[in-house]
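Each chain gets a letter, A, B and so on, in the order the sequences are listed, and its residues count up from 1.
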Protein chains: 2
Amino acid sequence: MTKNEIQEQRMRGYFIDATRTILKGEGLKAISVRNIAREAGYSYATLYNYFKDVKDLVFECVCDFQEECSEYVSKMTSEEAPGIRKIRAISIAYMKYFVEYPGIFELFFIEKPTDLATRQPTVARINTFLDRLCEEDWELVIQRGLLSEDKRQELARQLKYLTTGMLVFYLHRREDIEYKEFFNNAQRQFSALFAETI
Amino acid sequence: MTKNEIQEQRMRGYFIDATRTILKGEGLKAISVRNIAREAGYSYATLYNYFKDVKDLVFECVCDFQEECSEYVSKMTSEEAPGIRKIRAISIAYMKYFVEYPGIFELFFIEKPTDLATRQPTVARINTFLDRLCEEDWELVIQRGLLSEDKRQELARQLKYLTTGMLVFYLHRREDIEYKEFFNNAQRQFSALFAETI
DNA sequence: TTAAAATATTAACAATGTTAATTATATTTG
DNA sequence: CAAATATAATTAACATTGTTAATATTTTAA
């Protein structure tokens, strides 16, 4: 990396950090070019020297958030025994992360990139994220002969749609329930989902 | 209803119709006060004599869309035999409606009302919508003794979250699949969901 | 037919994303 | 080291957004 590239990456980092701060705090609706620039300590037009547009910048945060969420999930599920029970714990922790940071949920699942083609890698990462979090444990369950490869794919998909669906209803307040009830319900959903898999 | 009330309802209707047209056509992102007013044939400020704000107007369309969707579903599932198979057909038709009108999906599940408290009835209607579409057939399945009341609630919830989750991923292009593959996948999800219920 | 009330429209404001013009800073060259 | 050039940051500007205040118009009442 040349000296210029280092400086450029540093500048991008300032804007990305600012964007992350706002997304985690006031959320996606509070994101604006001027807001980000103020948080980063630069003028709003400077942003356009380093990013195509504000959506481009916002989607740049996805990888960092995924890493953060991974750690969050790891810490919350470390003492859970590997296997199906761990997959459940991971899914709950994953949902708790988004409940804690609704702005990140909006970014991951609601916001549309300006140009889908160039953002395809990012979008693909989002799509496979929960699967990757559970990867180890899915493998384990298959090794133990509790699940076929096909059944694993099917369950993983259901898990993906279920978690996202529940989060949509809860975060967008389509059902009138509290935090505790929400996660009780999530546990019940998972029980039903994994019922056959003992 | 007094003469004034009739006129007021008529005016509200003009704006609601205009909003529905835009939502069904260019979608929620194309909704703007000036757009709606142009479509309705009035000035943009006139809107505020009949609605608190633009979100208030937009959420006024929910009931009409639900009726429209109900008819859409009825027509698409009329020759299906009542019971679980019909519930599956209804769910597929329901999803097809939103795939045809993504703007209506955004309104139903993504958009947040300005004041949740006053919009609680509307939001509750959205939450229970799919359930109401399937009501008859759920009852039938229970009457036939194929399902307990508890199991019905559980399945209905899973169905609700699954459909919404799938639609989020598809409409927001988080997974790179086409129309046909999407509904094939949906069918597979439903097969798994209803597997125990033969 | 005129006075009053109701209703619609234009003007205005603050905030948004983005681009062009301009200023300030670094870098290169004589 | 100083002057010329290239780079990068800032302010100005524009179009669009939702909403409110100030006007103009139409309808109703006297």
Q. Is the ring centre of B:Tyr97 less than 6.0 Å from the ring centre of B:Phe65?
A. no
Q) Picking from C:dA8, D:dT20, C:dT19, which would you name as closest to the side chain of B:Tyr42? A)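 Comparing C:dA8, D:dT20, C:dT19 against the side chain of B:Tyr42, the answer is C:dA8.
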(Q) At 4.0 Å (heavy atoms only), tell me whether B:Ser32 reaches a base, stays on the sugar-phosphate, or touches nothing. (A)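 Touches sugar-phosphate only.
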Expressed as a whole number of angstroms, how long is the span from [X]:[atom1] to [N]:[atom2]?
| X | N | atom1 | atom2 | result |
| --- | --- | --- | --- | --- |
| A:Asn49 | D:dT11 | CG | C1' | 14 Å |
| B:Ile36 | D:dT19 | CD1 | C1' | 13 Å |
| A:Asp53 | C:dT16 | CG | P | 16 Å |
| A:Lys52 | C:dT18 | NZ | P | 8 Å |

Does [X] make a side-chain N or O approach to OP1 or OP2 of [N] shorter than 4.0 Å?
| X | N | value |
| --- | --- | --- |
| A:Tyr50 | D:dA9 | yes |
| B:Thr46 | C:dT9 | yes |
| B:Tyr48 | D:dT19 | yes |

Q) Do the side-chain N and O atoms of B:Gln153 and B:Glu149 include a donor-acceptor pair separated by under 3.5 angstrom? A) yes
Q. Quick one: do A:Lys151 and A:Glu154 make a salt bridge, cutoff under 4.0 Å?
A.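 A salt bridge links A:Lys151 with A:Glu154.
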Q.
Using heavy-atom distances to pick each residue's nearest nucleotide on DNA chain D, tell me which of A:Arg34 and A:Leu47 is more 5'.
A.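 It is A:Leu47 whose nearest nucleotide is closer to the 5' end.
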Q) Can you tell which of B:Asp150, B:Leu147, B:Val141 makes a side-chain contact (heavy atoms from CB on, under 4.5 Å) with B:Leu155? A) B:Leu147
